[in-house]
Novice: 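Before I ask anything, here is the structure I am working with.
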Amino acid sequence: MIEAWSVADVRAAEHPLLAAGDPLMERASFALATIVARDVARRRSVVGPDGGRRDGRVTGARAVLLVGPGNNGGDTLFAGAHLVRRGMGVLAVLASEHVHGGGLAALRRAGGRVVELVPESGGEGGASRWGDPDPATVEDAVSRAVGADVVLDGLLGIGASGALRGPAAVLVRRLVEVLGARTDRDERGGDGSVRSRPWVVAVDVPSGIGVDDGTLPGTVLRADRTVTFGAAKPGLLVPPAAGAAGHGAVVEIGLALGADPAGPPGPAVRRLEARDVGRLWTVPGPEDQKYTRGVLGVVAGTPTFPGAAVLVTSAAVRTGPGMVRYQGPDDVARAVLAARPEVVPASGRVQAWALGSGVPAAAAGGAGHDEPDPGGQHARIRAALADAAGDPGGATSSGGPVPTVVDAGALSLLPDRCPPWFVLTPHAGELATLLQGRGEAVDRPGVEAEPLRWARRAHELTGATVLLKGSVTLVVGPARVYAQADAPAWLATAGAGDVLTGILGVVLAGHAARAVAEPGSVAELAAAAALVHGLAAERANPGGPISALDVAAAVPGVVCELVAAR
Ligand SMILES: NC(=O)C1=CN([C@@H]2O[C@H](COP(=O)(O)OP(=O)(O)OC[C@H]3O[C@@H](n4cnc5c(N)ncnc54)[C@H](OP(=O)(O)O)[C@@H]3O)[C@@H](O)[C@H]2O)[C@@H](O)CC1
Ligand SMILES: Nc1ncnc2c1ncn2[C@@H]1O[C@H](COP(=O)(O)OP(=O)(O)O)[C@@H](O)[C@H]1O
Ligand SMILES: [K+]
């Protein structure tokens with residue numbers, strides 16, 4: 001599991017170490033330089049006599065450091081000194097009135113070059129604070145950066161507030177413009193020697209991201225790699241900022257995060273990895289029979305949208321439940337059975353529900369709609385929601401509350417308050433509609449700009465666990481947040497969400513008692529389902545187009561590998 005800690009928690013953990021004189025910056029900058037040198041060697045790899053590639057030389061490679069006012073700039077300058085000692089040509093661009101004095105002195109001693117960023121007009125005059133380094137205009141600095149092998153973004157770290165300001169902001173905007181015009185295809189010629197884009201390494205975080213909330217308050221230089229110190233930060237996992245972080249590397253610097261029982265309750269954001277999910281998968285034993293393994297009840301699809309019912313049930317059957325029961329109009333049930341003869345088209349006791357995929361939302365206010373209840377599915381969903389909440393008077397009694405996936409049209413049928421074992425699975429547009437219905441003024445772009453904030457808000461307003469779908473799937477439940485980024489972008493295809501509904505339903509059915517008794521566990525189960533969904537999408541056709549049904553077909557293989565590796 002990757003654990004991301006808030007800025008406040010990182011600062012609190014750093015405090016006693018700094019007070020004791022621990023050389024945190026030395027550790028951080030040495031590790032940073034080691035990773036940068038390794039990346040540069042890989043990027044400069046050459047074809048050997050045997051035809052295989054081997055790492056190239058670091059000596060002679062060029063690094064440009066973008067240096068801001070704080071310790072983030074300090075880390076970058078010290079790392080620059082290490083890179084000079086490894087034979088690299090290093091140029092620091094000072095983008096701030098003040099920079100870390102010790103770092104600057106170390107870089108100079110090592111033999112690194114320094115320029116001071118000045119406004120295009122030539123500056124306001126006055127002596128330079130940095131021992132008269134050469135002035136560099138934004139255009140100079142950009143052309144140096146673009147021509148380098150590697151650029152280290154050390155403008156701002158966890159001390160950032162809001163968008164980059166001042167000359168650093170101008171520099172980054174221009175650099176992004178120039179780099180944006182170069183495609184990844186430009187990177188390497190056939191002999192491996194052509195590089196028209198430098199490798200960009202963000203120091204601790206890409207400068208100017210919302211470190212705790214994952215927002216992008218202004219232009220940010222997208223990194224190919226982020227080397228982060230002590231622990232991952234939420235903004236490296238949460239969109240949209242996560243998209244600027246590239247590959248991750250966490251450098252251990254001795255912070256005892258999570259070790260103090262009186263300290264913070266846990267990481268701000270978590271990301272499950274494959275081995276975590278293998279461990280929590282329910283594997284049947286000899287004593288099991290179909291009813292002990294978990295039965296999933298599905299209410300999905302309408303005569304107009306029968307495909308969703310086929311997709312939910314297909315994915316569910318492929319995920320390994322004891323049984324899948326389907327409830328819906330006869331012609332939809334026939335389509336389900338034609339695709340999946342394993343499905344039982346009758347009501348009965350279930351350990352989890354999957355509701356609403358392919359069912360239109362109820363019209364606001366209810367009355368006056370052409371077809372107020374398409375195929376009778378709204379009535380079935382209402383009954384199932386009451387059953388799931390533990391209402392004993394319902395037509396289908398499961399004998400107690402059961403965990404439930406609430407997708408698509410079922411989101412419009414929720415009660416005011418839900419138990420945390422309801423998992424709402426909106427995409428950004430559906431989340432905006434749900435929030436509008438509860439008095440929030442937010443639209444789809446608003447949700448996309450601040451998905452963590454709005455998923456949290458939906459959790460607060462409804463009480464339910466909220467799984468917000470997207471390239472990174474966010475799950476917010478009681479005291480837990482997960483950010484899963486397991487899926488290829490090819491998964492953005494109609495019906496993919498229905499497949500997730502089926503997978504998640506079966507995961508919940510396999511852990512029904514725990515989900516109800518320990519509300520905190522529901523978010524983890526939902527994150528696990530998102531991981532399986534994403535891996536199945538990749539496995540369905542690595543690197544190419546996929547159909548939703550192909551994702552469902554790939555689930556058994558993914559589960560098999562996860563379980564075998566635990
Ligand atoms: N934590 C750890 O364990 C370790 C941390 N380490 C390193 O320290 C880094 C944190 O250092 P830091 O506290 O000096 O903050 P950092 O981000 O470099 O700069 C703050 C300065 O930027 C300014 N500023 C703020 N926003 C701005 C904006 N939008 N646009 C322009 N300027 C802005 C702000 O000015 P102010 O807003 O206060 O006027 C202030 O002067 C951390 O990321 C890591 O790299 C490691 O060395 C080892 C262990
Ligand atoms: N850019 C992307 N990269 C990876 N996965 C994505 C991306 N965009 C969407 N997804 C995933 O694809 C699925 C789409 O679901 P949804 O929007 O509900 O579609 P549908 O309702 O047609 O099934 C979700 O699981 C979502 O997380
Ligand atoms: K940075």
Side-chain angles (χ1 to χ4, degrees), residues 5 7 9-15 17-18 22-29 31-32 66-76 78-79 95-100 103 152-169 172 201-209 211 217-218 220-221 223 226-231 233 239 243 251 253-255 257 305 307-308 311-312 357-358 407-408 425-430 467-474 484-501 503-504 529-530 533-534 537-538 548 551:
W5 293 79
V7 172
D9 291 344
V10 169
R11 294 240 192 250
E14 165 200 48
H15 191 70
L17 300 181
L18 290 177
D22 265 28
L24 297 189
M25 192 176 272
E26 282 84 335
R27 265 179 226 154
S29 58
L32 170 62
L66 310 181
V67 180
N71 290 330
N72 193 251
D75 290 334
T76 308
F78 279 115
S96 169
E97 277 187 21
H98 310 278
V99 298
H100 193 278
L152 273 66
D153 167 10
L155 293 167
L156 288 178
I158 60 174
S161 60
L164 274 167
R165 299 184 292 269
V172 165
V201 177
V203 179
D204 207 16
V205 294
S207 298
I209 65 166
V211 182
V220 165
L221 181 59
T226 295
V227 179
T228 194
F229 306 128
K233 315 299 181 301
V251 168
I253 55 170
L255 304 190
L257 282 157
F305 305 108
L311 288 164
V312 174
S357 307
D407 191 39
T425 59
H427 54 60
E430 289 166 335
L467 180 152
L468 173 57
K469 293 181 276 200
S471 62
V472 176
T473 291
L474 289 180
Q484 295 301 133
D486 312 287
W490 294 104
L491 184 58
T493 179
D498 306 333
V499 170
L500 175 65
T501 303
I503 297 170
L504 175 54
H533 185 231
E538 181 60 31
V551 178

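In listed order, ligands and their atoms are each counted from 1. All values below were derived from every heavy atom in this structure, side-chain atoms included, with hydrogens, water molecules and symmetry-related copies excluded.
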Novice: Given a heavy-atom cut-off of 4.0 Å, could you list the residues near ligand 2 in chain and number order?
Specialist: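 Correct list: His427, Lys469, Gly470, Ser471, Thr473, Ala487, Pro488, Ala489, Leu491, Ala492, Ala494, Gly495, Ala496, Gly497, Asp498, His533.
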
Novice: Once you round to the nearest 0.5 Å, how far does CG of Leu467 lie from CG of Leu474?
Specialist: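 Going from the CG atom of Leu467 to the CG atom of Leu474 covers 8.5 Å.
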
Novice: Could you tell me the separation between the CG atom of Asn71 and the CG atom of Leu24, rounded to the nearest 0.5 Å?
Specialist: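 Asn71 CG to Leu24 CG: 10.0 Å, rounded to 0.5 Å.
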
Novice: Please test Phe78 against Leu32 for side-chain contact (heavy atoms from CB on, under 4.5 Å), starting from the C-alpha separation and ending with a verdict.
Specialist: CA-CA 9 Å; Phe78 279 115; Leu32 170 62; over 6 Å; no

Novice: Atom NE2 in His533, atom CG in Leu504: separation rounded to 0.5 Å?
Specialist: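 Here the interatomic distance stands at 10.5 Å.
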
Novice: Thr425: what forms a side chain to side chain donor-acceptor pair (under 3.5 Å) with it, not counting sequence neighbours?
Specialist: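 Counting only residues at least two positions away or on another chain, Thr425 forms a side chain to side chain donor-acceptor pair (under 3.5 Å) with Asp407.
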
Novice: With rounding to the nearest 0.5 angstrom, report the CG to NZ distance, Leu491 to Lys469.
Specialist: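 Between atom CG of Leu491 and atom NZ of Lys469 there are 10.0 Å.
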
Novice: Do you know the tightest heavy-atom contact between Thr473 and Ala530?
Specialist: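 Result for this residue pair: CG2-CB, 4.1 Å.
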
Novice: Side chains of Ile253 and Glu14: closer than 4.5 Å at any heavy-atom pair?
Specialist: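 Ile253 vs Glu14: side chains apart.
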
Novice: About how many Å separate CG of Asp153 and CG of Leu164, when rounded to the nearest 0.5 Å?
Specialist: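 With rounding to 0.5 Å, CG (Leu164) is 7.5 Å from CG (Asp153).
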
Novice: How far does NE2 of His15 sit from CG of Leu255, to the nearest 0.5 angstrom?
Specialist: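 If we round to the nearest 0.5 Å, His15:NE2 and Leu255:CG are 13.0 Å apart.
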
Novice: Might you list the protein residues in contact with ligand 1, defined as having a heavy atom under 4.0 Å from one of its atoms, sorted by chain and number?
Specialist: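 Answer by chain and number: Val10, Arg11, Glu14, Leu24, Met25, Pro69, Gly70, Asn71, Asn72, Asp75, Leu156, Gly157, Ile158, Gly159, Ala160, Ser161, Gly162, Ala163, Leu164, Arg165, Asp204, Phe229, Ile253, Leu255.
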
Novice: Are the side chain of Asn72 and the backbone of Val203 linked by a donor-acceptor contact shorter than 3.5 Å?
Specialist: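 Yes.
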
Novice: Which residue in the set Arg27, Met25, Glu26, His100 passes side-chain contact (heavy atoms from CB on, under 4.5 Å) when paired with Asp75?
Specialist: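 Of all the options given, the one that passes is Met25.
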
Novice: Which of these, Leu221, Leu152, Leu156, sits in a side-chain contact (heavy atoms from CB on, under 4.5 Å) with Leu66?
Specialist: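 Among Leu221, Leu152, Leu156, the one that satisfies the side-chain contact (heavy atoms from CB on, under 4.5 Å) with Leu66 is Leu221.
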
Novice: Using 3.4 Å as the cut-off, note every protein N, O or S atom close to the K ion (ligand 3).
Specialist: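 The answer, once waters are left aside, is Asn72 OD1, Asp153 O, Leu156 O, Val203 O, Val205 O, Ser207 OG.
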
